[in-house]
Structures are given as structure tokens and as C-alpha cells.
Amino acid sequence: MSSPSISSSSAFSIICALHSLIAITSGTLMMFHMKEIYTFTHGLHTATVLMGSTPHDQLLIRTSDSFSGLLLFAIGFLIFMVSFVKDREFQSFFAKGCVVLHVFMAIWRIVFERRVDVLAWDWLRQTIGDFLLGLSWVFFLVYSWREKYD
């Protein structure tokens, strides 16, 4: 008796939904609660430094964080829409693109973010997150290849 298995199309939809949920939640928090996020993730002293020292700096940083959050929210919404695509070739292409994107993000964090004194300890945790998110797409690709060649 064979065990019920999930199709690669369903796996794609699930992975997209999870990535979409992460992006939408993160984007929303960035737009509306960045000070609390900075305090929670970096501590009170670092959060104060990251928020800027003058009112002008604070306004620029808040505006930048809001636009970054809006972009992340929009990306999450687009990933949610992509989750409904049933074309296997597109799913494979999209997954490969996401793997490349996460690899580039990890490289960016290793090369540039670790040089920022205030964030010097945080880059490793974020790089591991990029690696895990990219790994979810690699698992999808392996699963879809296994399904294709079995």
C-alpha cells in the first residue's frame, strides 16, 4: 500500500504561502513597528543608535524603513499570487531564481553588513535565515526532480 504523498505543485504552493506570510508579516512590522523591532532584535542601546540622533535623521530612517517594509509587503503579495501558478516549468524557474536571490542576500550580508559596527554580530543570524529560506526552495527542486524522474 503506497502512502499518500504531496505533489510538487502542492509543495510549491505551500512554500510560496510560507514565504509570502514571512514577507508580508515582516513588511508590515517594518512599516509600523520598526522601533520595537530594533529594540527586540538588537537591544535598547543599538536601537537608539539605529533610529538616528537628529530629528532629520530619524525622519529619513523612518521613511526608508517604511518604504522597505512596503516593498517587502508587495513582494510577499506577489509571491502569494505566484503560489497559484500550476506550470511546472515556471515553478522550477521561480524556485531556482529564489535560490539565487537568497545566495546573493547571504553574500551581501557576509561582505557588507558585517562591516557595520552596530550590526556586526547580527549578520550571522540573518545569513543563516537566508540559507534556510534558500534551502526550502532547494528541497522543492529536489522533490520535483524526484517526482519527474521516478
Side-chain angles (χ1 to χ4, degrees), residues 1-44 46-47 49-51 60-150:
M1 183 154 70
S2 66
S3 62
S5 65
I6 188 169
S7 71
S8 64
S9 182
S10 297
F12 180 80
S13 295
I14 291 168
I15 292 171
C16 281
L18 290 173
H19 283 251
S20 173
L21 181 67
I22 291 167
I24 288 173
T25 302
S26 299
T28 302
L29 290 173
M30 284 177 71
M31 285 188 289
F32 300 112
H33 301 288
M34 203 59 213
K35 183 177 180 181
E36 291 83 2
I37 298 300
Y38 282 154
T39 304
F40 178 72
T41 57
H42 302 293
L44 187 57
T46 304
V49 172
L50 288 173
M51 292 305 293
L60 286 174
I61 291 168
R62 280 196 318 260
T63 303
S64 173
D65 287 341
S66 293
F67 278 124
S68 297
L70 182 61
L71 178 63
L72 196 55
F73 182 89
I75 289 169
F77 187 68
L78 289 172
I79 293 172
F80 177 72
M81 291 191 305
V82 166
S83 72
F84 295 103
V85 174
K86 299 298 180 198
D87 182 21
R88 289 179 192 253
E89 288 182 31
F90 174 80
Q91 290 175 349
S92 176
F93 173 77
F94 186 80
K96 290 173 188 173
C98 288
V99 170
V100 170
L101 179 69
H102 287 294
V103 166
F104 282 143
M105 280 301 301
I107 291 170
W108 171 265
R109 291 184 199 287
I110 291 168
V111 173
F112 296 106
E113 275 193 21
R114 70 183 172 100
R115 294 182 185 174
V116 178
D117 291 335
V118 176
L119 302 174
W121 64 274
D122 200 35
W123 69 271
L124 182 60
R125 179 175 54 99
Q126 291 179 342
T127 303
I128 291 170
D130 289 326
F131 175 75
L132 292 175
L133 289 171
L135 195 61
S136 66
W137 291 112
V138 170
F139 285 145
F140 165 75
L141 289 169
V142 169
Y143 186 77
S144 64
W145 289 333
R146 184 187 62 92
E147 188 178 84
K148 182 178 181 180
Y149 294 113
D150 274 351

- [ ] Over all heavy atoms of both residues, which pair between Gln91 and Val85 is shortest? Give the atoms and the distance, please.
- [x] NE2-O, 2.8 Å

Task: Partners passing side chain to side chain contact (heavy atoms under 4.5 Å, CB included) against Ile14 (at least two apart in sequence or in another chain) - done: Ile6, Leu18

- [ ] Given side chain to side chain contact (heavy atoms under 4.5 Å, CB included), test Thr39 with Glu36 step by step and report yes or no.
- [x] CA-CA 5 Å; Thr39 304; Glu36 291 83 2; 5.6 Å; no

- [ ] Identify the two heavy atoms, one from His19 and one from Ser136, that lie closest to each other, and give their separation to 0.1 Å.
- [x] NE2-OG, 2.8 Å

TODO: Tell me, with the steps shown, if Ile110 and Arg114 meet side chain to side chain contact (heavy atoms under 4.5 Å, CB included).
DONE: CA-CA 6 Å; Ile110 291 168; Arg114 70 183 172 100; 4.1 Å; yes

Task: Partner set under salt bridge (charged side-chain N to carboxylate O under 4.0 Å, His left out) for Asp65, not counting sequence neighbours - done: none

Open item on the list: Would you compute the distance between atom CZ of Arg109 and atom OG1 of Thr127 and round it to the nearest 0.5 angstrom?
Closed with: 6.0 Å

Open item on the list: I'd like to check the side-chain hydrogen bond (donor to acceptor under 3.5 Å, both in side chains) partners of Arg88; sequence neighbours left out, ordered by chain and number.
Closed with: Ser8, Glu147

Task: Over all atoms of both residues, closest heavy-atom pair of Val99 and Val138 - done: CG2-CG2, 3.8 Å

- [ ] Could you tell me the separation between the OH atom of Tyr38 and the CG atom of Leu44, rounded to the nearest 0.5 Å?
- [x] 14.5 Å

Open item on the list: Quick check on the 6.0 Å ring-centre criterion: do Trp137 and Phe94 meet it?
Closed with: yes

Open item on the list: Give me the atom names and distance for the closest heavy-atom approach of Ser13 to Lys86.
Closed with: OG-NZ, 3.8 Å

Task: Phe93 atom CZ: more than 12 heavy-atom contacts under 6.0 Å - done: no

Open item on the list: To the closest 0.5 Å, what do you measure between CD1 (Ile15) and CD1 (Ile79)?
Closed with: 11.5 Å

Side-chain atoms of residues 20-29: list all donor-acceptor pairs with protein atoms under 3.5 Å, sequence neighbours left out, distances to 0.1 Å.
{"from": "Ser20", "atom 1": "OG", "to": "Gly76", "atom 2": "O", "distance (Å)": "2.7"}
{"from": "Thr25", "atom 1": "OG1", "to": "Leu21", "atom 2": "O", "distance (Å)": "2.8"}
{"from": "Ser26", "atom 1": "OG", "to": "Ile22", "atom 2": "O", "distance (Å)": "2.8"}
{"from": "Thr28", "atom 1": "OG1", "to": "Ile24", "atom 2": "O", "distance (Å)": "2.8"}

Open item on the list: Does Trp145 form a side chain to side chain contact (heavy atoms under 4.5 Å, CB included) with Leu141? I'd like the steps, not just the answer.
Closed with: CA-CA 6 Å; Trp145 289 333; Leu141 289 169; 4.3 Å; yes

Open item on the list: When you compare the side chain of Val82 with that of Phe12, does any pair of heavy atoms fall below 4.5 Å?
Closed with: yes

Task: Thr63: side-chain hydrogen bond (donor to acceptor under 3.5 Å, both in side chains) partners, not counting sequence neighbours - done: none

Task: CE on Met51 to CE on Met34, rounded to 0.5 Å - done: 8.0 Å

Task: Minimal non-hydrogen separation, Met30 against Ser68, with atom names - done: CE-CB, 3.4 Å

Task: ring-ring contact (aromatic ring centres under 6.0 Å, His included) involving Phe80 - partner list, sequence neighbours excluded - done: Phe84

Task: Spacing of Leu70 atom CG and Ile75 atom CD1 [to the nearest 0.5 Å] - done: 10.0 Å

Task: Interatomic distance, Tyr143 atom OH to Phe139 atom CZ [nearest 0.5 angstrom] - done: 13.5 Å

Task: Nearest atoms (heavy-atom pairs only) where Phe140 meets Ala11 - done: CD1-CB, 4.2 Å

